[in-house]
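Report on the structure given below.
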There are 2 protein chains.
Amino acid sequence: MLRLSKKADYALMAMKHLAEKGGASSTSAREIAEQYDIPIELMAKVLQRLVRAGLLVSTQGTRGGYMLSRASEAISLAAVIEAIDGPFTVTACSTEKHDCEQYGKCSIRFPLWRIRERIAAALGTVTIAEMAAEQVAVAAPVAHAAVVRR
Amino acid sequence: MLRLSKKADYALMAMKHLAEKGGASSTSAREIAEQYDIPIELMAKVLQRLVRAGLLVSTQGTRGGYMLSRASEAISLAAVIEAIDGPFTVTACSTEKHDCEQYGKCSIRFPLWRIRERIAAALGTVTIAEMAAEQVAVAAPVAHAAVVRR
DNA sequence: CTATATCCGACCGTGATTGTCCGAGTTTAT
DNA sequence: ATAAACTCGGACAATCACGGTCGGATATAG
Ligand code: SF4
Ligand code: SF4
């Protein structure tokens with residue numbers, strides 16, 4: 001259904017939270033989890049993945065916690081989502097693995113491929129900083145495309 | 001992971017097939033299914049849903065089959081996908097149903113909402129006809145959006 | 001009437017997703 | 001040194017959506 005996973009949702013919340021906190025202070029997993037009513041353990045796991053993806057840095061021990069690894073302006077939504085859910089593929093025939101029965105006969109994948117690029121672009125141009133700022137203005141290239149469906 | 005279901009994939013294939021066949025002749029579910037190695041029964045179910053959504057018309061009895069209800073130019077990908085997978089929601093808090101634990105505390109859903117609009121636009125501006133024509137050129141308003149990610 | 005086709009709903013197996021638990025390693029405060 | 005607080009990492013169970021299947025009803029052409 002084209003929906004992003006809840007873990008990704010949590011990840012975005014955490015990233016935004018950390019972005020707002022800003023600079024030097026590290027925030028514990030528990031603090032974030034409690035603030036948003038997320039199971040602590042799950043949040044920890046999500047944060048760990050973000051660390052492994054290089055989006056966060058963690059400090060251990062008492063008063064330890066997580067911090068953004070780079071400026072929030074330099075982190076796109078796409079990066080966060082891919083860190084959690086893996087490289088997102090619109091179709092089963094992603095970039096390489098064409099593990100699809102009807103790969104040969106399929107005439108769909110070509111135009112569908114373009115769609116993927118667009119979505120990737122949409123996710124890649126929005127940064128955590130923009131989200132945190134709660135800016136309503138969208139200075140993105142895809143902005144004016146009206147919803148035509150139905 | 002932001003992936004569309006296989007049923008939707010099948011639906012798009014079928015729609016494209018019907019669009020190529022064009023006008024008056026109706027095509028049986030079996031014909032399409034065999035051509036693309038899709039389980040007949042599944043294909044039938046998919047087609048039925050498309051009928052209920054008003055995208056196809058079906059004629060029963062021997063020599064029956066399916067036909068497009070309108071010109072292929074007037075059918076967007078979004079329409080097909082929504083007919084199969086239901087209204088697509090990027091987050092669990094779709095347009096109305098906010099069945100999400102942390103709806104109140106969540107500060108994510110607002111910017112995330114815009115993302116959904118963009119994806120909807122991307123899917124809404126591409127028609128079955130464009131897919132069928134296998135045109136590489138995209139004459140859609142969203143066209144120039146370059147891939148910026150990474 | 002008979003054969004062929006769509007239609008419709010119900011059903012199940014599998015695999016991904018969500019959420020939980022526990023043990024181990026690390027750092028800091030006392 | 002000891003204890004406390006925290007992260008790390010994987011393993012595990014419950015849940016649920018999805019892909020695929022089956023059987024019966026119905027309508028049409030011949
Ligand atoms: S059906 Fe076509 S588009 Fe869909 S996954 Fe298979 S090859 Fe890709
Ligand atoms: S309310 Fe926030 S957390 Fe819940 S689904 Fe919407 S965006 Fe995700």
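Residue numbers begin at 1 in each chain, while the letters A, B, ... track the order of the sequences. Note that the structure is a prediction, hence the values are computed from the model and not measured.
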TODO: Spell out protein contact along nucleotides 12-17 of chain C as letters: B when the base is contacted, S when just the sugar-phosphate is, - when no protein heavy atom is under 4.0 Å; keep the 5' to 3' order.
DONE: -----S

- [ ] Starting at atom CZ of B:Arg49, determine the distance to atom C1' of D:dG20, rounded to an integer number of angstrom.
- [x] 12 Å

Open item on the list: Going by the rule salt bridge (Lys or Arg N to Asp or Glu O under 4.0 Å), which residues pair with B:Glu73 if we only count those two or more places apart in sequence or in a different chain?
Closed with: none

Task: Rounded distance (Å) that lies between atom P of C:dT6 and atom CG of B:Leu18 - done: 12 Å

Task: Heavy-atom closest pair, residues B:Ile119 and B:Phe88 - done: CG2-CE1, 4.1 Å

Open item on the list: Just the rounded figure in Å: distance from C1' of C:dC8 to CE of B:Met43.
Closed with: 18 Å

Open item on the list: Output the rounded distance in Å from CG (A:Leu42) to P (D:dG9).
Closed with: 17 Å

- [ ] Measure the distance from CG on B:Asp37 to P on D:dG20 and round it to the nearest whole Å.
- [x] 12 Å

Open item on the list: With a 4.0 Å cutoff (strictly under), does any side-chain N or O of B:Tyr10 reach OP1 or OP2 of D:dG20?
Closed with: yes

Open item on the list: Using a 4.0 Å heavy-atom cut-off, does A:Ala44 contact any base of the nucleic acid, only the sugar-phosphate backbone, or nothing at all?
Closed with: nothing

TODO: Produce a footprint string for nucleotides 21-30 of chain C: one letter per nucleotide, 5' end first; B if the base is under 4.0 Å from any protein heavy atom, S if only the sugar-phosphate is, - if neither.
DONE: -B---BBBS-

- [ ] Return the 5'-most residue of the pair A:Pro39, B:Gln48 with respect to DNA chain C, ranking by each residue's nearest nucleotide.
- [x] B:Gln48

Open item on the list: In this structure, how many angstroms lie between the P atom of D:dG20 and the CD1 atom of B:Ile84, rounded?
Closed with: 14 Å

- [ ] Round to the nearest Å and state the distance from A:Glu31 atom CD to D:dA5 atom P.
- [x] 16 Å

- [ ] Evaluate salt bridge (charged side-chain N to carboxylate O under 4.0 Å, His left out) for B:Lys45 paired with B:Glu41, printing each intermediate quantity in order.
- [x] CA-CA 6 Å; B:Lys45 182 189 289 275; B:Glu41 307 287 351; over 6 Å; no

Task: Set of side chain to side chain contact (heavy atoms under 4.5 Å, CB included) partners for B:Arg30, sequence neighbours left out - done: B:Ser28, B:Glu34

TODO: Could you check how far CG of A:Leu50 sits from P of D:dT7, rounded to whole Å?
DONE: 14 Å

Open item on the list: Which residues pass the side chain to side chain contact (heavy atoms under 4.5 Å, CB included) test with B:Thr127, not counting sequence neighbours?
Closed with: B:Ala129, B:Glu130

Open item on the list: Can you list everything that forms a side chain to side chain contact (heavy atoms under 4.5 Å, CB included) with B:Gln102? Sequence neighbours excluded, please.
Closed with: A:Tyr10, A:Met13, A:Ile38, B:Cys100

Task: Test side chain to side chain contact (heavy atoms under 4.5 Å, CB included) applied to B:Ala14 - qualifying residues, sequence neighbours left out - done: B:Ile32, B:Met43, B:Leu47

Open item on the list: Can you pull out every ring-ring contact (aromatic ring centres under 6.0 Å, His included) where at least one residue sits in residues 16-64 of chain A? Sequence neighbours excluded, please.
Closed with: A:His17-A:Tyr36

Open item on the list: According to salt bridge (Lys or Arg N to Asp or Glu O under 4.0 Å), who are the partners of A:Lys21, at least two apart in sequence or on a separate chain?
Closed with: A:Glu31

